[in-house]
Amino acid sequence: MASTPTPSPLPPNHQHPKLRPSPSLRRRSLLLLPFTSSLLSPLPSFSAPIPSPPITDRVFMDFSLCPSFLRTDRDLGSAFLDLAVCPDAEPLGRVVFGLYGRSAPITVSNFRTICSSAAYKGSLIHKLLPGQFFVAGKQGSRRDKGEVKPPPGLVRNKETVDPKAFELKHVRPGTLSLCLGQNDDDDEVKLDPEYHNMEFLVTTGPGPNPQLDGENIVFGTVLEGMDVIGTVGSLPTYKPDEKIRQFNDFAIFIGDERAQVARATWNRPLRTVFISDCGVIQVTKPSLTPTLP
């Protein structure tokens with residue numbers, strides 16, 4: 001009887017052809033690995049944005065340029081000591097703001113009083129950060145510098161120390177807020193017993209401004225005239241070079257008061273922009289939903 005031949009043993013590290021993984025299968029498994037791991041990873045959590053409050057009031061502001069204001073040969077007569085009577089004003093357009101009287105009633109009431117008394121008329125836009133925001137309403141007695149005085153009827157704003165007043169965020173262009181964190185009123189003005197926060201800022205876009213959140217009170221939004229806001233936001237500004245910045249930092253470090261005065265000119269528009277008129281628009285309905293830009 002013939003004996004069955006014994007199969008020769010496989011060489012070391014040799015796999016049977018049927019058990020050897022296919023190269024294409026190995027590549028396919030590697031390609032599927034990131035996909036499967038993404039399915040197993042937890043989904044990111046997105047917080048729902050805070051809805052905009054209803055509009056309770058509307059105010060308007062007209063913005064203009066004053067080409068002759070920075071000229072060295074301009075007439076310094078008493079008629080031109082007030083920026084509101086600029087002889088060669090170039091209108092940029094009107095902006096209508098909707099105010100959130102339910103979320104910030106004191107701030108809105110004061111702002112409405114300032115606009116109805118035309119106290120902002122002649123106010124200079126003294127700070128502009130392109131792509132972020134501009135500031136106006138600097139308080140003081142120098143009308144030739146575009147400063148404003150608080151009108152009668154303003155009340156002490158307790159909302160400046162109320163955490164709930166800072167809940168709304170600067171998430172979209174055209175956001176109107178009371179300028180507190182970026183306020184640059186002079187210290188001697190702030191020590192006045194009649195001092196009121198009058199500075200305001202408007203975001204110009206295109207993106208949000210989270211650096212302003214928690215420091216300034218959002219109390220309104222642009223309803224009409226976002227093109228005017230964009231025009232103001234695109235103006236060139238004064239930006240000192242690095243050497244001047246370093247020298248200024250050192251001057252502040254050693255207590256030189258002139259350094260802070262010089263820094264006040266940083267981020268100032270190179271063209272004079274001011275509020276040529278302002279007022280209150282009578283709203284037919286007490287509460288309106290804003291049409292956001």
Side-chain angles (χ1 to χ4, degrees), residues 47-65 92-101 103-104 107-108 110-112 114-115 120 123-138 146 148 157 159-160 165-185 197-239 266-271 273-275 278 288-293:
S47 58
I50 300 177
S52 298
I55 299 297
T56 59
D57 303 89
R58 291 190 181 192
V59 299
F60 74 89
M61 287 186 177
D62 295 336
F63 292 86
S64 300
L65 295 172
L92 294 178
R94 171 167 293 189
V95 176
V96 176
F97 295 100
L99 309 182
Y100 304 147
S103 62
T107 302
V108 167
N110 282 347
F111 191 77
R112 178 186 169 95
I114 299 171
C115 290
Y120 280 135
S123 176
L124 182 71
I125 296 179
H126 61 274
K127 182 187 294 184
L128 168 62
L129 276 71
Q132 299 183 45
F133 61 93
F134 67 78
V135 183
K138 182 178 177 65
V148 297
N157 195 344
E159 292 168 353
T160 58
F166 296 86
E167 291 181 350
L168 294 177
K169 310 299 182 183
H170 302 75
V171 295
R172 58 176 62 89
T175 298
L176 172 67
S177 64
L178 187 65
C179 188
L180 301 175
Q182 283 66 33
N183 185 288
D184 50 9
D185 286 331
N197 299 100
M198 297 178 62
E199 271 195 15
F200 66 92
L201 64 86
V202 182
T203 59
T204 59
N209 288 266
Q211 77 279 9
L212 301 176
D213 297 340
E215 297 182 353
N216 308 279
I217 300 177
V218 174
F219 67 96
T221 186
V222 173
L223 298 180
E224 301 174 18
M226 197 59 208
D227 57 328
V228 180
I229 300 297
T231 300
V232 174
S234 63
L235 293 174
T237 59
Y238 170 67
K239 297 179 181 179
W266 297 4
N267 300 313
R268 177 164 293 185
L270 296 180
R271 303 186 67 184
V273 192
F274 69 103
I275 300 172
C278 60
L288 299 174
T289 302
T291 303
L292 298 174

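The model shown is predicted, which means the values in this text are computed figures rather than measured ones.
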Exercise: identify the closest heavy-atom pair between [X] and [Y]:
| X | Y | value |
| --- | --- | --- |
| Tyr100 | Val108 | O-CG2, 3.4 Å |
| Asp62 | Arg94 | OD1-NE, 2.7 Å |
| Phe63 | Ile275 | CE2-CG1, 3.9 Å |
| Gln182 | Lys127 | O-NZ, 3.4 Å |
| Leu270 | Thr237 | CG-C, 3.8 Å |
| Pro208 | Val171 | CB-O, 3.6 Å |

Identify every side-chain donor-acceptor pair in residues 227-234 under 3.5 Å, counting partners at least two apart or on other chains, and give the distances.
{"from": "Thr231", "atom 1": "OG1", "to": "Asp227", "atom 2": "O", "distance (Å)": "3.0"}
{"from": "Ser234", "atom 1": "OG", "to": "Gly230", "atom 2": "O", "distance (Å)": "3.3"}
{"from": "Ser234", "atom 1": "OG", "to": "Thr231", "atom 2": "O", "distance (Å)": "2.9"}

To the nearest 0.5 Å, what is the distance between [atom1] ([X]) and [atom2] ([Y])?
| X | Y | atom1 | atom2 | value |
| --- | --- | --- | --- | --- |
| Thr56 | Arg112 | OG1 | CZ | 8.5 Å |
| Ile217 | Thr107 | CD1 | OG1 | 4.0 Å |
| Leu65 | Leu235 | CG | CG | 6.5 Å |
| Thr204 | Leu129 | OG1 | CG | 8.5 Å |
| Met198 | Ile114 | CE | CD1 | 4.0 Å |
| Asn183 | Leu201 | CG | CG | 10.0 Å |

I'd like to know if the side chain of [X] reaches the main chain of [Y], judged simply by a donor and an acceptor atom lying under 3.5 Å from each other, with no hydrogens or angles considered.
| X | Y | result |
| --- | --- | --- |
| Thr175 | His170 | no |
| Asn197 | Cys179 | no |
| Asn216 | Gly181 | yes |

Kindly indicate whether the side chain of [X], heavy atoms from C-beta on, has any atom under 4.5 Å from the side chain of [Y].
| X | Y | value |
| --- | --- | --- |
| Glu215 | Leu180 | no |
| Cys115 | Met61 | yes |
| Leu178 | Glu159 | no |

Stepwise ring pair (Phe, Tyr, Trp, His ring centres under 6.0 Å) test for Phe97 and Phe219: CA-CA 10 Å; Phe97 295 100; Phe219 67 96; 8.4 Å; no
Candidate pair Phe111 and Tyr120, rule side-chain contact (heavy atoms from CB on, under 4.5 Å), full reasoning: CA-CA 10 Å; Phe111 191 77; Tyr120 280 135; 3.5 Å; yes
